[in-house]
Each structure stands twice: as C-alpha cells, then as structure tokens.
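For reference, the structure I am asking about is given below.
As a basis for the values below, the full set of heavy atoms in this structure was taken, side chains included, without hydrogen atoms, waters or symmetry mates.
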Amino acid sequence: MHISSDTLNRALSSPNLFFAARQGFGVLLPIIIFIGILDMREIGFAFAAGALAIALVDQPGGTRRFRRKEMFFTLVAGNLAALVTALARPFPEILWLVLSAQVFAFSMLSVFGKRGGLVGFCCLLMMVLSLSSDSVSSLPIFEHSFYTLAGSSYYFLLSITISYLLRLHEERLTLAAAVYATSRYMQARADFYDINNDLEACFRRLLPRMISMTDAHQSARDSVLRNLPEDFPDHRRQRVVMWNIFIEIIALLDTMVATQTDYALLRERFKDHDILIFMRDTMFKLSRILESCSKRLARNAHANFRHGVKAELRAIEYEIEQLKAAGLAKEEPEIYALLIQILRRLRNATRYVNEIVENLRDDADILPTNAMRRDKSLLQFRSHQEIRLQPILNNLHWGSAIFRYAVRVTLAIMVVQFITNMVVLAYSESPLIRDFLEHSHWITITVLISMRPGFALTRQRTIWRLQGTLIGCLVTISLFALTSNQALFIVLMIACMILGQAFIQSHFRLASVFITMYVLIGFQFISPSIFTVIGARALDTVIACLVAYAFSFAFPWWEKNQIKRLASKAILASQVYLREALVFVRSNIDQPDKGRGHYAESSDYVDLQLARRNMHNAYAEFADSYARMLNEPKIHQSNISSLNNLLMSLNTMTSQINSLGPLLLNLDTLSPKMLAQFDYIDQLLTLGCLPIPEKPSKLDDETENHPFILPLKQMQKASETIRQEAETLLLPLS
C-alpha cells in the first residue's frame, strides 16, 4: 500500500490530527480510568461507548457552534435510540420493527450532506452497541444507559472546553489546510504549461484537487469569519495574521482560476519556446512556497526563509520582449495580449504569496488588510445548515437518492441480523461459532460504514475497508508474534487510534489499517483468545463487505440520475456570476477613484464575491458527480464526452469572467459592441431561450481592445459549446 508524502503532509498540515488527538484522549481516558485503574470493566465499556459516538461527530469543518449542535443532537438521539433498542431486545417482534425504523430514520439524515450522514451513523453506532451490550455487560438496562449517557455528556463537555481554550490553534489549522489545498491546486495548474503532459490527464488530476480546495476554503470561511464582527483584544496579532492570510488566499484563488486559457493553442504556438517552461516553474515555485507557509502556519511558526520567483518573472518578461521585437504584437496581437495577461496574473499571484509570507514573519508590522469590510455582510459567506424535518419529508419518495439509500441500508442491516440470528439458533452449542458471533456487531458497523448513497462511493469504500482491515489484521498478528511488551502495546494502541481518526477523511484505507490495529490491540488486554478475535475481525469484515457490495445493486442511484440537474445548476451559477460581475463593473466604472480598497464599501462587491463562491461550489458539485460516474459500471455511464466538454467549457467561461473583471475596471466606459458581446454570451447561457441569438460583430481591432479580443472570443466559444452540449443533454431549464 503506497503512502505518499502528500498524504502525510496533508495530515500534519490539517486540523484532522488535532481533532483525532482530542478524540483519542477523550475516548481512551475513561477506558484507562475505569478499566485499567478501577477495574470496572462493564462501566468502562458503557462510558467509553457513549464517548466514542460523540467523538466521531467531532470532526473538522463547519462552525464551532453548529458542531456543538451536531454533538448535542447525537447525544440525545443516540442515547434514546440505544435505550429503546435495549428495552426492545427481549421482544424479537418489536425489536425488528424498532431496528428497521431507526436504521431508516437515521440513514435519512444523509439529506444534510456528509456531516448529517455522520450524525446518523453515530446514532446507529450507539444503537448497535446497545444491541450487543449483553455480550460484554451484565448491567441492568437503565444503569447501562445511564453510564452511556454519562460518557456522551463527558465528551461533549470535554470537546467544548478544549475547543474554546484552543480556538486559535483550531482556526489556524483550518486555515493552514486551505493554504495547503491551494498549493496543491497550483501544482496541478503548473502541469498545464508542460508540453509533455497530456491536457486531458492534467484536467482529470485538477478536478479532485479543485474539489478538495473548495471544501477547504469553505471550512476556512466558516472558521475565520465565525467571530466577525466581534473584536478580540487578546491574541490580536494572530487574528490579524489569519484574517490577512485568508484574504490573500481568496485573492490568490481568483488569480489562479483566471489563468485558465486555451492551453492547446498556447502549446501549439510556443511548443519549442522556453517561455512555457518559465511559466510552469513560476507556478510550481509559488506552490512550494505556499506549502511551506501552510506548515509554518499550522505550527504557529514564523517564516524565516528566503523566497521569490523574480528570476522566472524576469525571464518571462525578457522572452515577451524578444517576441515583441520579432513582430508578435503586430502579427498576432491576440496571442501577444494573452502572454501579457498571463504575466500580469503571475505577478499578482506572486504579490499575494509574498503578502502571505510577510504576514508570517515575526518582525513584520501587521495591519488588517482592508480588502473587505469586517461587518455582518461577511456572515453570508459562512455555510448555513440546520437539522430540520422538512428536508427529510421532501425526500420521502422513490426519486430521491437518499430515500433509496435509506431503504437499501435498512434491508442490508435486516439481512445481517436475520442471518446472524439463524446461525445462533443453528449452532448454539458450538464454542467456536459462539466466539465468532460474540463480535458479530462488527458486521453491522462495517456495513453502515461502507454503504454510501452512490454506487461508486460504496464500492470504493468497501474495497478500501476490506484491504485496510486485512492488512491491519496481518500487521497485528506480526506484532504479537514479535513482542509481548504491554507498555509498547499501550503506546501503539493510542497512536493507532489517533492516526486512524486523522486519516479517515484523506486516506480511508490507511485509516482502516490503524483502526483495526487499535481495536485488536485493545482486545489483547481483555481477551484470552486474541487470535480468535483477529480471525473474527477479518471474517466479519469480509462478510460485511460482501453484503455492502451486494446491496449496492439494490435500488441503486446512478449519477446519471442527478448529473444533469447539477450541470444546469453550474451553468446558472456561471450566468449569475457573469451578471454580478457586469453589475459591479458598471457601478464602479464611472467612479474617479477606482482603488481596490474602496470596492469593499460597495454591496455589489459582496454580491460578486457570493456569486463567485456559489459558482465554485456548483462547479465542484458537478465535477464531483462526473468523477463518481466514471467509477460506475460502463452500462450506467452516459454522455461522458458531452459532460466532459461541458465541464471544460464552464471552467474556461468562469475563468475568463474572472480575468476580464480587473481589465474592464480600467476602462472609461463599456462600448456598445462590448456590451453586445456579453449580452450574446448571457443569452447562450439561458437554457430554454428560444432561438440561438445572432452573433454580434467583433470588437474593432484597436490597441485598447487587444486585451479583450481573445478572452471574449474564448468566452463566446465556451458559451456556444455549453449551449450545444446543454441541448444535446436535454438539460432541465435553469
């Protein structure tokens, strides 16, 4: 199993390790106290089970306030589910009804996204642990439930306390993750300038990094903007530094997105020229500087390194001057204007990266960046989501992917319970079967972990879970064969638990290895037949993965069922972004003072930023769905070529909108011909618009129009492709 340095760096530069350490401490502390010190095994297991369920909800992302709501909901709903299940256990007829109803209801929480699905899983985990508690506990039902509730409450209070005391550290890690994701995105963009890299392959590598970066930026928004418009006299310098870096990283994102152009044309024209090498090296070096900054930000360390891309920028300037002297500006003004734009964007990107580095220096005079007003208008940029009943009711129909998923999971769990009960009845006298069935709840938990609303994700997680568990079992067997040092086992168990939680989002297979190891090492302390437990773990995982994979074909929801809706949403978001950009330009173009610092005073600027964020999120949803479709059986893949063209054209469209904004603001007025160009593009993006509008006349071939000719040409071409593919795909009206 290959573990890349990127995986390790991402874990170290993200809040995942911090949250995992908190989870490990919160869950293992009661185990050490109740089982290791007080020898109260039954109470310790009940207490730790309650703490574990709440700890799993305590994941990075979202605002601290909403994370508290998630944990509190899990505390109440999960403990209630565990109590109801325990009370119904003596009555098989009622138990089956209770189990099926709870599995369906908690699976429906996936309508609220990944975090909602996590809350539902943790509630189901408490239900399953309550169902199997008779094998590890002889406590009365209400006493067992009391200790489980106490464990949940303990971790809830512990998390709130640590999160408050270390709030700055938590926010710093979240911002560092956004910086690191941006550096990885920039590295992928640098590959486009390398003629030895296939453009299609570059684009495929870019998509997952863009999706990851979008998520990381939204987490940073939730974290950095969470306290606005409050003032914090304590640690003011750190908060100003985080605010400034956040502003610069958003500006850098806009600049990097704006570097999208016709790379095929650029490569064909300059395939034997050094200018592409200098552009690639500039992007790559900037990404490495950002990566270094993310590590220092995560450790709260100062930047003490020398950096810069002056040599590369000067080389690009020299090459452009040479091309100009050779007549490029006169013979191919569009290409010359494109080179100038790329140079300008690289300079801007360099300036933003330099600002980030300067903010991390210990001797810098730090002042808040006045790029946006720090008032309540910024709260619109945070993610907002509440657990309400209405979205669940709206999805109670067969056309809902989440409804099908809930039915599928319910059937799978019922089949597992039925088979388990039948085996118990048939082989009740077999000691070996009893030993294996003692941990049969692992099958149920693995099914719940592996099954996802989409077929591709279910198959992927099932394979990773199976591989990780089997590797973890083999490593644990080797460990037990090499040593019997109990102190070493304790250290390894704690380390494996923390690492398992740290990698669960970025590397699920590796996380499964560590989770398997810490569970098995833990059983080594309490089970005399540890190798039987290891065998049971492996067998249960194999059975669970087979069940999960088999039921992924039951009432499946293929990406083709929703990708058209997501495509329409992305087109509409791009159109809104274009309109908001024009509104902002028109509202500022006649102002005598066009300094960037004054833009923040305009409500149009906030609307533009919101439209840009919504556009990025809609595009990421569409791209993510497309990537999942490629992992589905070919018989269920449709219109791959058209969807790929649509993705690339939307990328080009939004990139050129972003790049034209600063150029338009330097004009004294928008000419009628230029407005006609934008109106033509807007009409093409209006799905369902009756006839295709007539193409307007080109801009006059004047010097002041040269910077706009190629971007507008590319926008027109992209919008025409979008319209053509939208009609081919029969996309729903926007």
Side-chain angles (χ1 to χ4, degrees), residues 85 92 95-108 110 117-118 120-132 135 401-427 433-473 504 508-509 511-513 515-516 519 533-558 631-633 636:
T85 303
L95 179 61
W96 282 85
L97 179 63
V98 167
L99 287 179
S100 58
Q102 289 187 130
V103 171
F104 178 82
F106 288 126
S107 297
M108 285 296 297
S110 294
L118 181 61
F121 166 76
C122 292
C123 292
L124 289 174
L125 176 64
M126 297 187 74
M127 179 199 77
V128 173
L129 293 178
S130 174
L131 187 65
S132 60
S135 62
I402 302 302
F403 179 81
R404 291 191 180 199
Y405 162 71
V407 172
R408 191 161 56 244
V409 173
T410 303
L411 289 176
I413 298 302
M414 291 302 100
V415 167
V416 168
Q417 293 299 317
F418 176 78
I419 294 175
T420 303
N421 290 335
M422 291 299 99
V423 172
V424 170
L425 292 176
Y427 300 96
I433 296 298
R434 283 202 305 269
D435 288 341
F436 272 92
L437 291 177
E438 182 179 359
H439 308 291
S440 60
H441 59 279
W442 284 343
I443 301 177
T444 305
I445 294 174
T446 300
V447 170
L448 292 173
I449 290 174
S450 300
M451 295 192 72
R452 299 288 94 192
F455 174 86
L457 284 178
T458 298
R459 184 178 68 175
Q460 186 182 65
R461 287 175 70 92
T462 299
I463 294 173
W464 287 348
R465 178 73 175 184
L466 180 61
Q467 293 174 339
T469 301
L470 295 180
I471 293 172
C473 289
I504 201 164
F508 185 74
R509 179 169 46 202
S512 298
V513 174
I515 291 173
T516 299
V519 169
V533 174
I534 295 176
R537 177 75 173 188
L539 179 61
D540 290 344
T541 301
V542 171
I543 294 173
C545 289
L546 290 175
V547 171
Y549 184 73
F551 275 88
S552 65
F553 291 94
F555 319 118
W557 179 265
W558 307 108
N631 290 320
E632 293 178 346
H636 296 290

(request) Would you name the heavy atoms of Phe403 and Met108 that are closest together and state the gap between them? (result) CA-SD, 3.8 Å
(message) Could you walk me through whether Thr469 and Asp540 satisfy the side chain to side chain contact (heavy atoms under 4.5 Å, CB included) test, starting with their C-alpha distance in whole Å, then the side-chain angles of each, then the deciding distance to 0.1 Å, before giving a yes or no?
(response) CA-CA 10 Å; Thr469 301; Asp540 290 344; over 6 Å; no
(message) Do Leu448 and Leu125 have side chains that approach each other closer than 4.5 Å (heavy atoms only, starting at C-beta)?
(response) no
(request) Could you list the residues that satisfy side-chain contact (heavy atoms from CB on, under 4.5 Å) with Ser110, not counting sequence neighbours? (result) Ile402, Tyr405
(request) Flag the pair Val519 / Trp442 as yes when at least one side-chain heavy-atom distance between them is below 4.5 Å, and no otherwise. (result) yes
(message) Keeping Arg404 on the side-chain end and Pro556 on the backbone end, is there a donor-acceptor pair under 3.5 Å?
(response) yes
(request) Measure across Ser512 and Thr516 and return the closest heavy-atom pair with its distance rounded to 0.1 Å. (result) O-OG1, 2.8 Å
(message) Less than 6.0 angstrom from the centroid, inside 45 degrees of the normal: does Arg461 satisfy that with respect to the ring of Phe508?
(response) yes
(request) Only counting residues at least two apart or in another chain, list the ones meeting side-chain contact (heavy atoms from CB on, under 4.5 Å) with Leu457. (result) Arg452, Gln460, Arg628
(request) For the pair Phe551 and Thr458, evaluate side chain to side chain contact (heavy atoms under 4.5 Å, CB included) and give the outcome as yes or no after the intermediate values. (result) CA-CA 10 Å; Phe551 275 88; Thr458 298; over 6 Å; no
(request) Supply the atom-to-atom distance Leu546 CG to Thr462 OG1, rounded to the nearest 0.5 angstrom. (result) 9.5 Å
(request) Could you tell me whether the side chain of Leu131 reaches within less than 4.5 Å of the side chain of Met127, counting heavy atoms only? (result) no
(request) Kindly check if the number of other-residue, nucleotide or ligand heavy atoms within 6.0 Å of CZ (Phe553) is above 12? (result) yes
(message) Does any part of the side chain of Trp96, heavy atoms only, come nearer than 4.5 Å to the side chain of Phe418, both counted from C-beta?
(response) yes
Distance-only check: which donor-acceptor pairs under 3.5 Å involve side-chain atoms of residues 406-417, not counting sequence neighbours?
unit_1: Arg408; atom_1: NH1; unit_2: Ala554; atom_2: O; d: 3.4
unit_1: Arg408; atom_1: NH1; unit_2: Phe555; atom_2: O; d: 2.7
unit_1: Arg408; atom_1: NH2; unit_2: Pro453; atom_2: O; d: 3.0
unit_1: Thr410; atom_1: OG1; unit_2: Phe104; atom_2: N; d: 3.4
unit_1: Thr410; atom_1: OG1; unit_2: Ala406; atom_2: O; d: 2.7
unit_1: Gln417; atom_1: NE2; unit_2: Thr444; atom_2: OG1; d: 3.2

(message) For a 4.5 angstrom cut-off between non-hydrogen side-chain atoms, does Gln467 reach Ile463?
(response) yes
(message) Set out, in order, the CA-CA distance, both residues' side-chain angles and the distance that settles ring-ring contact (aromatic ring centres under 6.0 Å, His included) for Trp558 and Phe455, then state yes or no.
(response) CA-CA 7 Å; Trp558 307 108; Phe455 174 86; 4.9 Å; yes
